[in-house]
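So the structure is just underneath, and the comments pick up after that.
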Amino acid sequence: MNQHDLNNLLVQIGEKIRILRKKENISQLDLGNIVGRSANQIGRIERAEGNPTIETLYRIATHFKVEISYFINEKRD
């Protein structure tokens, strides 16, 4: 995977998290509290400025009741 592909993947992950969060009508602060991360960290992930750990993705997936693979699936929703 080259840097361009990685950047696209991070954008995709961030967009999917933002969509799920907004569907549930919760703030970045709320999601951060739920998954044990700061609102700043959630914001960075959503803006593709941060590379979330597997643990963070797992916690987010668990909260939203989706498989962790949902975030890295190449199909657009």
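Residues I68 and I34 share a hydrophobic cluster, clusters being chains of Ile/Leu/Val/Met/Phe/Trp/Tyr side chains in contact below 4.5 Å. There is no path of hydrophobic side-chain contacts, each under 4.5 Å, that joins L20 to L29. Grouping the Ile, Leu, Val, Met, Phe, Trp and Tyr side chains by contacts below 4.5 angstrom, directly or via other members, places I19 apart from I45.
Annotation for D5: atom CG counts as buried by contact number, over 12 foreign heavy atoms lying within 6.0 Å.
Q28 places no side-chain N or O within donor-acceptor distance of the main-chain N or O of N40, the cut-off being under 3.5 Å. In terms of modelled atom types and a separation under 3.5 Å, the side chain of E49 and the main chain of G43 share no donor-acceptor contact. Checking side-chain atoms of D30 against main-chain N and O of S27 turns up a donor-acceptor pair under 3.5 Å.
How far CD of E15 is from CD1 of I17: 11.0 Å, rounded to the nearest 0.5 Å. Distance check: K16 NZ to I72 CD1 gives 9.0 Å after rounding to the nearest 0.5 Å.
Counting only residues at least two apart or in different chains, salt bridge (Lys or Arg N to Asp or Glu O under 4.0 Å) contacts with residues 51-64 comprise R37-E55, E55-R59.
Closest approach of I13 and F71 over heavy atoms only: CG1-O, 3.3 Å. Nearest heavy-atom pair across R18 and R47 is NH2-N, 4.0 Å.
Remark: the Q3 side chain and the N7 side chain contain an N/O donor-acceptor pair separated by less than 3.5 Å.
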Chi angles and distances behind the side-chain contact (heavy atoms from CB on, under 4.5 Å) call for I60, Y70:
CA-CA 11 Å; I60 293 170; Y70 165 79; over 6 Å; no
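For the pair H63/I26, a side-chain contact is recorded, criterion being any heavy-atom separation below 4.5 Å from C-beta on.
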